[in-house]
Asker: 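Mind having a look at this structure? Questions to follow.
A, B, ... follow the sequence lines: proteins, then strands. Residue 1 opens every chain.
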Amino acid sequence: MPYLVPDYETRGLCDLTAAGADAYAEDFSTEVLCLDLIASTGEHVIWYPGDPVPELWTRALADGWMFIAHNARFERAITRCIMGQYGFPDVPVTQWHDTMARCANLVLPMKLEKVAEVLGLNQRKDMEGSRLVKALRTPNRRGNLPDLTPTILHRVGQYCTQDTRTQLELHQRIGWLDPGERKVWLLNQKMNDRGVKLDMPLVRNMQRIVDEASAPLEDRFRELTGFNITQGQKVKSWMHEQGAHLPDLQKETVAKWLGKDVDGEVGEDDLFAGKDDAQGLIPEVREALEIKQLIGSSSIKKLARMEQCVSPDGRAHGLLMYHGTGPGRQAGRLFQPHNFPRGTLVFDKSIKLAQKQSMILEALNTGDWEYVEAVIGPAVETVVSSLRYCMVAEQGHEYVAGDFAGIQARVVLSIAGEYEKTALMAAGADVYIDMACDIWPELPRPNWAAGPEVFGPQVEAFKKAFAEQRGTGKNSVLGLGFQMGGPKFQWKYATDRDLEFCLRVVNTYRKEWAPGVPKVWYALQDAAVAAVWDGGVHEAYGIEYVMEDRWLSARLPSGRKMWYFDAKPIRKAMPWDPDDIRRAFQYRATKTGQLKTIDAFGGQLTENYVMGIERDLMTHAMFRCERENLPVILDVHDEILIEPKSGPDNRTLLQQIMEDRPRWAVDMRIPVGVEVWSNDRYRK
DNA sequence: GTACTCTGCGCC
DNA sequence: AAACGGCGCAGAGTAC
């Protein structure tokens, strides 16, 4: 079957990157400059506004050709919102294919010019034309866009044609998504099409509260330090001059120097090493730090972003990127629904969750920051803690969410065959306490074998008496599964402990608590290195590595593949002995927009494997939700959010769906536990 | 101005 | 015997 590559050039007053393709295409000012069509048959048409609908478009549509674009969401949005007025029939999502999605799937750079360069394509993006189109989008001093003369339009058309040629060659080089991944991409499009309803009056009231409450504090901060609160480096230097030698201005550091813990509670004893430092703070530094703590959160920027990207239908679309990470998780875009702060507001325990929510919302909806401070708490903190409430279910619908409890630890332990530990987790035992008891044998280990009636109270007592030790156990279980060593553990979780202690914790995890896990690291590393070196198929612990073209592929138990681009054999000295040279491999992946060479190692391969499995469990459950008529609108790595019609059975149904494992997960003996809640708004 | 890098922040 | 988790966005700083 032939296919068609369409590409639009457009311009408008709306900021495309800020608003996203959907809101941009819906904006009144957005106009199409031209449309270039290249077909796999060799046919080529360039269309300008006013021309009749090209016969190629209608024929391709009618004959069921695929429409292929790089970031098809943009072409889909423009076609739907603007081209109708020129008589173009819309193209159903099932007839679109996205080369950018295939790039994401293969972990290639996603910018067209980058990927063309990396793959050594003959066709390249026309960078001069790109700059011209950018200039055409920039208003002059009077706020008008440049005139479109026939000469300029012709040049735009040339640029556009070069883009379609490049996209065509790119597609010919990288091919289609596998059928399974195509289904995932279609689900991604469906979720982005649905979008998320935003409570815009609330967003605006929150914005007003933030603006009015922060302005005096920002002024005061400038008065104290001479700098804006956002000028981290300069503020840090100023503090050093004042004798306060903070290593950085991170939230936790600031809290420690103020002698408080991160939740704002004053520390009771010497748990916090920074407490002594706090004694020496001069009042100006102390006040500046307190202001930083009050209004330093950047999450409130989500409010402005919501305002920019909300569509006329009251919903934000295009929040999720298909396969945004190596192992295939979706990535959050625009206002980033994946990192909403969890609330920090502490209420009296007698106040129920729903009551707390309505009290907060009522206060925020006054838009009056002083009122919020009078009845709830610090205004900006209240807003930050309530950002999730901006996402709200449609009238007559509700939000139901389910998350896989402790899934990462369960998966890594299942892979390693540590079934005693997974059985503990499945039985509801607190494995963080279990780990703590391995680190400190003198602690009272709850009697797991005796059942929840017995160990339940023991767990509660333990949490009260040994909260810090349980915290260390938790960090160990969650952090040490992927080869983190003593120094890193100390730096990340235990700066107030000595290295010897941290090495002991690491050793306890590797030798006593989960001795099967290190074996997985070494086996995966050996298998992957062998695959890169000899080109054969090498399997370990249910994952199968083999070179395909320039990629090392890793076949997961679900049958899906993860890809490592440009995998190359290298020889490497071991960190403990420069003379011990061994076979290893490296690959390339994009980090913050740059292609970086990465040395593979067992812990990381294991982590990728675990995340890959989690992702497959998630998509399995999301497909089931769709089949059961539970519309999925968001997923956050181990959490699924649906927006069904309100009803008494939604929670049970979602829980059943998520707990119903695919065959391969049953075979791997991965225990799955799901916690669900429902509410009219998003929350944690 | 524009592109890029770095740090910080928040989540999983 | 054995190390580096992932992501996007905002803002500042730097180089051109």
Asker: Counting only side-chain heavy atoms from C-beta out, which of C:dG6, B:dC4, B:dA3 sits nearest to A:K111?
Answerer: B:dC4
Asker: Classify the ring geometry between A:Y682 and A:W677 as parallel (under 30°), tilted (30 to 60°) or perpendicular (over 60°).
Answerer: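 Rings of A:Y682 and A:W677: tilted, as their planes differ by 30° to 60°.
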Asker: How close or far is atom C1' of C:dG6 from atom CD of A:E607, stated in whole angstroms?
Answerer: 6 Å
Asker: Send over the distance from A:L320 CG to B:dC12 C1', rounded to a whole Å.
Answerer: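 Rounding to the nearest Å, CG of A:L320 and C1' of B:dC12 are 14 Å apart.
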Asker: Where along nucleotides 7-16 of chain C does protein come under 4.0 Å, by heavy atom, of base (B) or sugar-phosphate alone (S), with - for untouched nucleotides?
Answerer: SBSSSSS---
Asker: Assess the side chains of A:D98 and A:Q189: does a donor N or O sit below 3.5 Å from an acceptor N or O?
Answerer: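 There is no such pair between these side chains.
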Asker: I want to check a possible cation-pi pair here: A:K302 against A:F340, using under 6.0 Å from ring centre and within 45° of the ring axis as the test.
Answerer: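 Ring-cation test returns yes.
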Asker: Determine the contact category for A:F482: base if any of its heavy atoms lies under 4.0 Å from a base atom, sugar-phosphate if only primed atoms, P, OP1 or OP2 are that close, otherwise nothing.
Answerer: nothing
Asker: Which of the following nucleotides, C:dC4, B:dC11, B:dC12, is nearest to the side chain of A:P341?
Answerer: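 It is B:dC11.
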Asker: Students often get this wrong, so: under 4.0 angstrom with heavy atoms, is A:K134 touching a base, only sugar-phosphate, or nothing?
Answerer: sugar-phosphate
Asker: Atom CE of A:M562 and atom C1' of C:dG6: how far apart are they, to the nearest Å?
Answerer: 13 Å
Asker: If you apply the rule side-chain contact (heavy atoms from CB on, under 4.5 Å), what do you find for A:K125 with A:Y159, and how did you get there?
Answerer: CA-CA 8 Å; A:K125 202 174 159 75; A:Y159 162 65; 3.0 Å; yes
Asker: Closer to the 5' end of DNA chain B via nearest nucleotide, is it A:R342 or A:K596?
Answerer: A:K596
Asker: What is the distance, rounded to the nearest whole Å, between atom CE of A:M611 and atom C1' of B:dC11?
Answerer: 12 Å
Asker: How is A:N608 classified with respect to the nucleic acid when contacts are heavy atoms under 4.0 Å: base, sugar-phosphate, or nothing?
Answerer: nothing
Asker: Tell me whether the ring of A:Y522 lies stacked over the C:dA2 base, given a 5.5 Å limit on centroids and a 30° limit on the plane angle.
Answerer: yes
Asker: Distance check: side-chain N/O of A:K114 vs OP1/OP2 of B:dA3, anything under 4.0 Å?
Answerer: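 Negative; the distance criterion is not met.
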Asker: Does A:R615 reach a base, just sugar-phosphate, or nothing at all? Heavy atoms under 4.0 Å.
Answerer: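 Touches nothing.
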Asker: Can you say whether the rings of A:F585 and A:Y564 are parallel (under 30°), tilted (30 to 60°) or perpendicular (over 60°)?
Answerer: perpendicular
Asker: Would you mind reading off the distance between A:D638 atom CG and C:dG6 atom P, rounded to a whole angstrom?
Answerer: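 Value for this atom pair: 18 Å.
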Asker: Calculate the interatomic distance between A:I613 atom CD1 and C:dG6 atom P; express it in whole Å.
Answerer: 18 Å
Asker: Rounded to the nearest angstrom, tell me the gap between atom CD in A:Q408 and atom C1' in B:dC11.
Answerer: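 So the CD-C1' distance, A:Q408 to B:dC11, works out to 13 Å.
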Asker: Among side-chain atoms of A:R102 and A:N105, is any donor-acceptor pair under 3.5 angstrom?
Answerer: yes
Asker: For a salt bridge (charged side-chain N to carboxylate O under 4.0 Å, His left out) check, start with the C-alpha distance between A:E639 and A:K684, then their side-chain angles and the critical distance, and finish with the verdict.
Answerer: CA-CA 10 Å; A:E639 175 189 0; A:K684 189 61 216 175; 3.4 Å; yes
Asker: Using a strict 4.0 Å threshold on nitrogen-to-oxygen distance, state whether A:D635 and A:R329 make a salt bridge.
Answerer: no
Asker: Which residue in the set A:N188, A:V196, A:I633 passes side-chain contact (heavy atoms from CB on, under 4.5 Å) when paired with A:L320?
Answerer: A:N188
Asker: A:K572 has a side chain; which of C:dA2, C:dA3, C:dG6 sits nearest to it?
Answerer: C:dA3
Asker: So for the helix from B:dG1-C:dC16 to B:dC12-C:dG5, with five pairs setting each end axis, what is the inter-axis angle to 10°?
Answerer: 20°
Asker: Specify the separation, in whole Å, of atom CD1 of A:I598 and atom C1' of C:dA3.
Answerer: 14 Å
Asker: Say whether A:Q207 and A:D211, considering side chains only, have a donor N or O and an acceptor N or O under 3.5 Å apart.
Answerer: yes
